[in-house]
Colleague: 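The structure under discussion is supplied below as structure tokens; questions concerning it will follow.
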Amino acid sequence: MTLGRMKRHFDFLEMREAPTKAFTKSFVLQVRPNDKGVTRVGFTVSKRISKLAVVRNRLRRQMREVVRLSPDIQTKYPSHDLVLIAKGEALNRDYTQLTKDFAYLLDHVHEVADDKKDNG
RNA sequence: UCAGAUGGUCAGGCAAUCGCUGUGAAGCAAUUCAUGGAGGAAAGUCCGGGCUUCGUAUGAGACACAAUACCGGAUAACGUCCGGGCGGGGUGACCCGAUGGAAAGUGUCACAGAAAAUAAACCGCCCAUGUUCGCAUGGGUAAGGGUGAAAUGGCGAGGUAAGAGCUCACCGCGCAGGCCGAGAGGCCUUGUGGCAGGACAAACCCUAUUGGAAGCAAGACCAAAUAAGACGGCCGACGCUUGCGUUGUAAAAGAACAGUCUCAGGUUCGUCGUCGCUAGGUAGGUUGCUUGAGCGUGUCAGUAAUGACAUUGCCAGACGAAUGAUUGCCCUUUUGACAGAACCCGGCUUAUCGGCCAUCUGACUUU
RNA sequence: GGAGAGAUGGUCGAGUGGUUUAAGGCACCGGUCUUGAAAACCGGCGUGGGGGUUCCCCCACCGAGGGUUCGAAUCCCUCUCUCUCCG
């Protein structure tokens, strides 16, 4: 029941070609299956969100907490890579709203992934 | 009590639950336990160092370039700090000042104005001559007007045709002298000069002092991919232990090498074979990486910056980057200032809701 | 993290102390020409504030704020923003 953390720059570049994604006003979620048998998650908060390092750090910590406390990631996406990218709207939301956004993202991705599988 | 000045300090606190990360211990291991875990600015990268590499890095000198600029002290060093001087502001505590030289030289000072820097004369004022009585010509003058950011000491008296440092008193200024001070500088019932020397050096410059360059993405070690070099002999030189070690122009001349040049010194530049399982080193990993001109406390020296001694503890060390999330209570004021270490220190500058402490100033009241 | 460059009207861009009328091009607006348009030619054209009143005048603005100077887009300092390079 351990969540892997994605840290290599190379992995993030690969995720740009991820087959399945999901969007809200606060986040972009990229999802891709891997062959490591572990679900790994990466986070991106760019300088475009805010120039202040304090603001970016707090947002990333909240995102990490949201993902950590979501119980059904592993059951929905076993052995997948996920990258959660923050958008500017995320700064205007509190913790509970971010939780709801992430839950919405997980469901939304599932549908898109099914469509992709039908096409391929 | 109100208003203010200066310096210092804090940066919401406590508890619970679930998590992150360094170190140590236990364990075959998963993991468990203990313990440490952002700032006064961590920021801007504006200065000064340490450290590392570059060719030795403090070899010497000259030039160029850059920076700094009252005096004395502090410091590893500084453009920083402390004390003092001078100028300016404030009733005052106190604050502000890129504060050397314009008498070494060059340059600039638009427009306006007669004239903008070895003075000059537009309107004036005065004298002489001429006169058509409007004035014209020649000369004297710089007090007044006007222009400008700035007009060649100020004011009064004497003086004169009118005036003028032309003369004199006072003030200002320069030079010299004396006294005080470590010095910047200050003071003088002192002498002297009739005043020469407008402003700009954040214009060039002069004088004095300082500075090699690049930066932890420096650098060191291990080492996929890819690709080409590495090692040994010969010859020569040097050393002694005389058969090994060190080395590649050693004898002469020359070339290249970090702003330029000179002197001194240094490095590199021979040839033939062998190996491809080797060598170098990219991705990646390890290291540099935190014990330090450190911080705290106390005593002593000093007006102070700071220094000396004693003592206790080891006080972040990450690398897509650790301090968070949620809940409750308390505090002030909705709500919680500015803001996140990235090799490490000393400063400066900038951002910052407020609270607290100390010393001092002014006004009012009371005793 | 470190090193460097830049910012001038709607846009591109010259100007390096002196009423700069803040050149010039593009874009935009009006006119001439045309059946109409394009091209060409001629003229106009930044923003904000104030004063008189339909046409002028004055002031401010060259990323922001200070300073030097009689005078700053220009020289000096601080800040903001943008871009480039170093694995």
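In what follows, chains carry the letters A, B, and so on, assigned in the order in which the sequence lines appear, proteins first and then strands, with residues in each chain numbered from 1.
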Colleague: Based on the glycosidic angle (syn within 90° of 0, else anti), state the conformation of A38(B).
Modeller: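 A38(B): syn glycosidic orientation.
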Colleague: What is the glycosidic conformation of G40(B): syn, defined as within 90° of 0, or anti?
Modeller: syn
Colleague: Please determine, for the side chain of Thr44(A), which listed nucleotide (G320(B), U326(B), G340(B)) has the closest atom?
Modeller: G320(B)
Colleague: Taking atom P of A325(B) as reference, at what distance in whole Å does atom CG of Leu59(A) sit?
Modeller: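 Value for this atom pair: 11 Å.
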Colleague: Sequence neighbours left out, what passes side-chain contact (heavy atoms from CB on, under 4.5 Å) with Ser79(A)? Give chain and number order.
Modeller: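 In terms of side-chain contact (heavy atoms from CB on, under 4.5 Å), with neighbours along the sequence ignored, Ser79(A) is linked to Asn34(A).
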Colleague: What is the base-pairing partner of C263(B), counting Watson-Crick and G-U wobble geometry with both distances under 3.5 Å?
Modeller: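 Base partner found: G59(B).
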Colleague: Should U132(B) form a Watson-Crick or G-U wobble pair with both distances under 3.5 Å, which nucleotide is its partner?
Modeller: none
Colleague: Sticking with atom P, work out how far C63(B) lies from C51(B), rounded to a whole angstrom.
Modeller: 32 Å
Colleague: Rounding to an integer number of angstrom, what distance separates C272(B) and C277(B) when you compare their P atoms?
Modeller: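 One P to the other, the span is 26 Å.
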Colleague: Tyr95(A) OH to G19(B) C1': how many Å, rounded?
Modeller: 11 Å
Colleague: Between C1' on A325(B) and NZ on Lys100(A), what's the gap in Å once rounded to a whole number?
Modeller: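 Distance check: Lys100(A) NZ to A325(B) C1' gives 17 Å.
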Colleague: How do Val55(A) and Gly42(A) order along RNA chain B: which one's closest nucleotide is nearer the 5' end?
Modeller: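 The residue mapped nearer the 5' terminus is Gly42(A).
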Colleague: Between C1' on U327(B) and CD on Glu65(A), what's the gap in Å once rounded to a whole number?
Modeller: 14 Å
Colleague: If I pick the C1' atom on C56(C) and the same atom on U69(C), what distance separates them, to the nearest angstrom?
Modeller: 35 Å
Colleague: Mind checking the P distance from U287(B) to A318(B)? Whole angstroms is fine.
Modeller: 9 Å
Colleague: Paired with U326(B): which nucleotide, if any, by Watson-Crick or G-U wobble criteria at under 3.5 Å for both distances?
Modeller: A16(B)
Colleague: List the atom of Arg60(A), the atom of Phe43(A), and the distance in Å for their closest heavy-atom pair.
Modeller: CG-CB, 4.3 Å
Colleague: Mind calculating the distance between CG (Leu98(A)) and P (G324(B)) to the nearest angstrom?
Modeller: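 Distance, rounded to whole Å: 17 Å.
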Colleague: Once you apply the 3.5 Å cut-off to both distances, tell me the Watson-Crick or G-U wobble partner of G113(B), or none.
Modeller: none
Colleague: What pair of heavy atoms forms the shortest contact from Phe23(A) to Tyr104(A), and how long is it?
Modeller: O-CE2, 4.1 Å
Colleague: Tell me whether the OP1 or OP2 atom of U323(B) has a side-chain N or O from Arg64(A) closer than 4.0 Å.
Modeller: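 Indeed, a polar side-chain atom of Arg64(A) lies that close.
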Colleague: Need the pair for A358(B). Rule: Watson-Crick or G-U wobble, both distances under 3.5 Å, any strand; none if unpaired.
Modeller: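 A358(B) is paired with U6(B).
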Colleague: Using whole Å, report how far CG of Asn57(A) lies from P of A43(B).
Modeller: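 It works out to 13 Å between those atoms.
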Colleague: For chain A and RNA chain C, what are the first and last nucleotides along the strand, 5' to 3', with at least one atom under 4.0 angstrom from a heavy atom of the protein chain?
Modeller: C81(C) to U82(C)
Colleague: Which atom names give the shortest non-hydrogen contact between Tyr77(A) and Leu106(A), and what distance separates them?
Modeller: OH-O, 2.9 Å
Colleague: In whole angstrom, give me the gap between the C1' atoms of U32(C) and U47(C).
Modeller: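 Straight-line distance between the two C1' atoms is 32 Å.
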Colleague: Check this for me: does any side-chain nitrogen of one of Asp101(A) and Lys25(A) sit under 4.0 Å from a carboxylate oxygen of the other?
Modeller: no
Colleague: Grab the two heavy atoms, one from Met63(A) and one from Thr44(A), that are nearest each other, plus how far apart they are.
Modeller: CE-O, 4.2 Å
Colleague: Could you measure between the two P atoms, the one in C75(C) and the one in G346(B), and give it in whole Å?
Modeller: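 37 Å, rounded to whole Å.
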Colleague: Considering all heavy atoms of both residues, which atom of Leu91(A) and which atom of Ser50(A) are nearest to each other, and what is their separation?
Modeller: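 Shortest heavy-atom separation between Leu91(A) and Ser50(A) comes out as CD1-CB, 4.4 Å.
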Colleague: Side chain of Leu52(A), heavy atoms from C-beta onward: which of A341(B), U323(B), A339(B) has the nearest atom to it?
Modeller: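 Ranking A341(B), U323(B), A339(B) by closest atom to the Leu52(A) side chain puts A339(B) first.
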Colleague: CD of Gln30(A) to CD1 of Ile85(A): how many Å apart, nearest 0.5 Å?
Modeller: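 Gln30(A) atom CD to Ile85(A) atom CD1 measures 4.0 Å (nearest 0.5 Å).
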Colleague: Partner of A255(B) by Watson-Crick or G-U wobble geometry, both contacts under 3.5 Å, or none?
Modeller: U268(B)
Colleague: Report yes if a donor N or O on one partner sits less than 3.5 Å from an acceptor N or O on the other, where the partners are the side chain of Arg60(A) and the base of G324(B); otherwise report no.
Modeller: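 For Arg60(A), whose side chain was compared with the base of G324(B), there is no donor-acceptor pair (under 3.5 Å).
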Colleague: State, to 0.1 Å, how close Ala86(A) and Val45(A) come at their nearest heavy-atom pair, and which atoms those are.
Modeller: CB-CG2, 4.1 Å
Colleague: Please give the distance between the P atoms of U58(B) and U312(B) as a whole number of Å.
Modeller: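 One P to the other, the span is 39 Å.
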Colleague: In the strands shown, is A3(C) matched to any nucleotide by a Watson-Crick or G-U wobble pair with both distances under 3.5 Å, and which?
Modeller: U84(C)
Colleague: Measuring only the C1' atom in each nucleotide, how far is A27(C) from G46(C)? A whole number of Å is fine.
Modeller: 13 Å
Colleague: If I take atom CZ from residue Phe102(A) and atom CG from residue Leu69(A), how far apart are they, to the nearest 0.5 angstrom?
Modeller: 11.0 Å
Colleague: For G324(B), does OP1 or OP2 lie under 4.0 Å from any side-chain N or O of Arg58(A)?
Modeller: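 Checking Arg58(A) against G324(B): no side-chain N or O falls below 4.0 Å of OP1 or OP2.
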Colleague: Suppose we define a pair by two distances each less than 3.5 Å, Watson-Crick or G-U wobble; what does G185(B) pair with here?
Modeller: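 Per the H-bond distance test, C180(B).
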Colleague: Using atom CZ of Arg61(A) as one end and atom C1' of A325(B) as the other, report the distance to the nearest whole Å.
Modeller: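 The answer, rounded to whole Å, is 11 Å.
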Colleague: Pick the nucleotide of RNA chain B nearest each of Phe43(A) and Gln62(A); which residue has the one closer to the 5' end?
Modeller: Phe43(A)
Colleague: Quick one: Lys51(A) NZ to G340(B) P, roughly how many Å, whole number?
Modeller: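 For the pair Lys51(A) NZ and G340(B) P, the rounded distance is 12 Å.
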Colleague: Enter syn or anti for the glycosidic conformation of G355(B), syn applying to angles within 90° of 0.
Modeller: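 G355(B): anti.
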